[in-house]
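If you're wondering where the values come from, they're calculated on a predicted model, not measured in any experiment.
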Amino acid sequence: MIPYGRQDITQADIDAVIDVLQSDFLTQGPQIPRFEETVASYCGTRHAVAVNSATSALHIACLALGLGPGDWLWTTPITFVASANCGLYCGAGVDFVDIDPRTYNLCPDALERKLVAAERDGRLPKVVVAVHLCGQACDMAAIHALAIRYGFRVIEDASHAIGGKYRGEPIGNCRFSDVTVFSFHPVKVITTAEGGMALTNDPELAEKMALLRSHGITRDLTRMTHEPDGPWYYQQIDLGYNYRMTDLQAALGISQMTRLHDYVCRRTELARRYDTLLADLPLSTPWQHPDSKSSWHLYVIRLQIEEQGGAGIAHRQVFQSLREQGIGVSLHYIPVHTQPYYQRQGFSTGDYPEAERYYAGAISLPIFQTMCEAQQDTVVAALHTALAI
Ligand SMILES: *Cc1c(COP(=O)(O)O)cnc(C)c1O
């Protein structure tokens with residue numbers, strides 16, 4: 001089976017982890033700040049907080065922004081459920097904004113229309129989570145302008161997008177957002193096994209997220225309510241969690257970061273090659289906005305079978321045929337509002353037509369840094385066979 005994504009672990013990665021295993025600290029040691037500095041400096045961001053997953057990073061980002069009961073978080077339906085769940089963790093309500101049919105990212109025009117209506121109803125969001133699907137940045141300048149006009153905060157869910165660029169600058173620099181979140185799950189561009197990071201230029205948000213990562217406990221004298229009782233002393237000043245990353249993971253992350261640029265270059269080559277090889281097939285290859293340089297975490301094709309009727313069946317047949325031919329295709333994502341849990345929150349199929357149309361034809365083809373051209377040719381041949389059915 002050719003998987004849709006796969007990590008690349010080198011001897012240098014393994015050595016870096018073994019060094020930590022033989023050192024004094026397995027967690028809460030020197031590797032965490034080194035990893036944070038490495039990613040922050042790569043992105044050109046002031047602060048970074050490493051955590052045990054992007055889901056945790058989204059949660060503490062929402063909390064640090066003050067999201068709570070009575071507030072609203074908005075995001076796109078075409079994302080992993082975590083981009084929406086973080087709002088519910090905080091006791092806030094979640095709502096969705098339909099996608100742009102070209103980029104499949106949250107559509108700024110749909111966002112504006114929804115904001116106009118929400119202002120009338122007194123239901124403006126406190127936080128909007130912009131997800132850079134496949135590694136292609138959202139229209140951040142437009143979202144940022146709306147954030148200023150309507151007074152909401154912006155989190156970039158860049159779980160797919162480390163190594164990508166927007167308007168010539170690294171995704172993660174938070175020029176148009178309050179916080180950016182990365183995931184280091186093995187299917188993503190670089191990995192720490194499990195892991196995530198929240199980046200921000202705001203020192204207060206960074207401090208708050210660092211506190212929430214570790215039980216809300218501080219050893220900083222300036223933050224304590226009174227003089228320490230003794231050298232053992234710490235204070236819990238907020239309700240936090242154990243969302244810490246280990247030093248083993250951070251060491252792996254630092255080692256992976258040395259290859260991030262090469263990874264994105266290789267993924268870009270593979271994407272361009274797919275664009276050429278698939279040009280004559282009845283499908284859409286991923287359209288790219290000129291402002292974006294994608295990290296190419298995913299390569300999503302859309303089948304042009306809607307007009308023929310029975311779209312769902314044809315899509316499923318093509319997908320199944322690819323799997324039977326040993327191609328580990330996937331589908332990113334099932335629209336979140338159609339999940340049973342979200343249906344119980346009051347959402348219905350039909351609420352976000354562009355997202356649902358996308359879902360009816362999308363397939364994620366294999367793309368990963370160690371993929372060779374022969375494997376890619378196998379995928380393309382399998383797709384020819386599948387579409388001939
Ligand atoms: C993978 C992913 C997450 C969750 O990442 P974890 O590190 O597994 O918690 C969140 N959002 C998006 C868009 C993702 O792809």
Side-chain angles (χ1 to χ4, degrees), residues 35-67 73-76 79-80 82-84 86-87 103 105-106 108 126-148 152-185 188-190 192 195-210 212-213 243 245 253 256-257 260 264 291-295 297:
F35 184 36
E36 291 170 337
E37 279 154 28
T38 303
V39 177
S41 112
Y42 186 93
C43 295
T45 329
R46 290 204 190 96
H47 308 280
V49 179
V51 286
N52 59 0
S53 72
T55 304
S56 303
L58 287 164
H59 185 194
I60 60 173
C62 287
L63 289 172
L65 291 169
L67 190 74
L73 175 145
W74 291 4
T75 190
T76 164
T79 186
F80 185 56
S83 319
C86 56
T103 62
N105 281 329
L106 185 145
K126 183 165 218 164
V127 170
V128 170
V129 178
V131 181
H132 304 318
L133 192 74
C134 306
Q136 168 160 235
C138 295
D139 184 347
M140 290 310 299
I143 294 169
H144 181 248
L146 290 168
I148 290 172
F152 59 83
R153 313 295 292 268
V154 179
I155 298 174
E156 293 175 73
D157 182 345
S159 292
H160 298 183
I162 194 168
K165 288 189 170 172
Y166 175 67
R167 295 191 170 176
E169 294 182 355
I171 290 177
N173 71 359
C174 298
R175 185 177 293 286
F176 298 103
S177 66
D178 296 286
V179 180
T180 302
V181 166
F182 291 136
S183 171
F184 308 123
H185 184 277
K188 309 293 164 79
V189 180
I190 63 160
T192 61
M197 201 175 281
L199 290 89
T200 184
N201 291 317
D202 180 333
E204 276 179 37
L205 286 177
E207 204 176 300
K208 179 107 191 174
M209 292 192 292
L212 292 169
R213 153 177 75 180
Y243 282 170
M245 178 181 273
Q256 291 259 313
M257 277 298 287
L260 174 58
V264 174
D291 284 346
S292 161
K293 268 187 94 173
S294 181
S295 64
H297 164 56

Regarding Ser53 and Ser56, is there a side-chain donor-to-acceptor distance under 3.5 Å anywhere? yes
Cut-off 3.5 Å, side chains only: do Asp157 and Ser83 have a donor facing an acceptor? yes
Separation of [Y] [atom2] from [X] [atom1] (nearest 0.5 Å):
X      : Y      : atom1 : atom2 : answer
Asn52  : Arg213 : CG    : CZ    : 10.0 Å
Arg175 : Cys43  : CZ    : SG    : 13.0 Å
Thr200 : Leu205 : OG1   : CG    : 4.5 Å
Ile162 : Met257 : CD1   : CE    : 4.5 Å
Leu73  : Leu58  : CG    : CG    : 9.0 Å
Leu199 : Thr45  : CG    : OG1   : 4.5 Å

Closest heavy-atom contact between [X] and [Y]?
X      : Y      : result
Phe182 : Ile171 : CZ-O, 3.6 Å
Cys174 : Asn201 : CB-ND2, 3.7 Å
Ala82  : Thr55  : CB-OG1, 3.6 Å
Ala64  : Met209 : CB-CG, 3.7 Å
Ala57  : Val181 : CB-CG1, 3.7 Å
His47  : Pro203 : NE2-CA, 3.5 Å

List for me each residue that meets salt bridge (Lys or Arg N to Asp or Glu O under 4.0 Å) alongside Glu37, sequence neighbours excluded, and say none if there are none. none
Go through the structure and list residues passing salt bridge (Lys or Arg N to Asp or Glu O under 4.0 Å) with Lys293, not counting sequence neighbours. none
Side-chain contact, heavy-atom cut-off 4.5 Å: [X] with [Y]?
X      : Y      : answer
His185 : Lys188 : yes
Ile148 : Leu146 : no
Leu133 : Thr103 : no
Tyr42  : Leu260 : yes
Cys62  : Ile155 : yes
Val51  : Met245 : no

Given 3.5 Å as the limit, does a donor-acceptor pair link the side chain of [X] with the main chain of [Y], or not?
X      : Y      : value
Ser183 : Gly196 : no
Lys126 : Gly66  : yes
Asn173 : Gly44  : no
Ser295 : His160 : yes

Tell me which donor-acceptor pairs under 3.5 Å the side chains of residues 134-141 have, and how far apart each pair is, sequence neighbours excluded?
unit_1, atom_1, unit_2, atom_2, d
Gln136, OE1, His289, N, 2.8
Gln136, NE2, Trp287, O, 3.3
Asp139, OD1, Ala142, N, 3.3

Could you pull out all residues at least two apart from [X] that satisfy ring pair (Phe, Tyr, Trp, His ring centres under 6.0 Å)?
X      : result
Tyr243 : His59, Tyr241
Phe184 : Phe35
Phe152 : none

Arg46 with Glu36: basic N within carboxylate O range, under 4.0 Å: no
Can Val129 and Trp74 be said to form a side chain to side chain contact (heavy atoms under 4.5 Å, CB included), step by step? CA-CA 6 Å; Val129 178; Trp74 291 4; over 6 Å; no
Verdict with supporting geometry, Ile143 and Leu106, side chain to side chain contact (heavy atoms under 4.5 Å, CB included): CA-CA 9 Å; Ile143 294 169; Leu106 185 145; 4.1 Å; yes
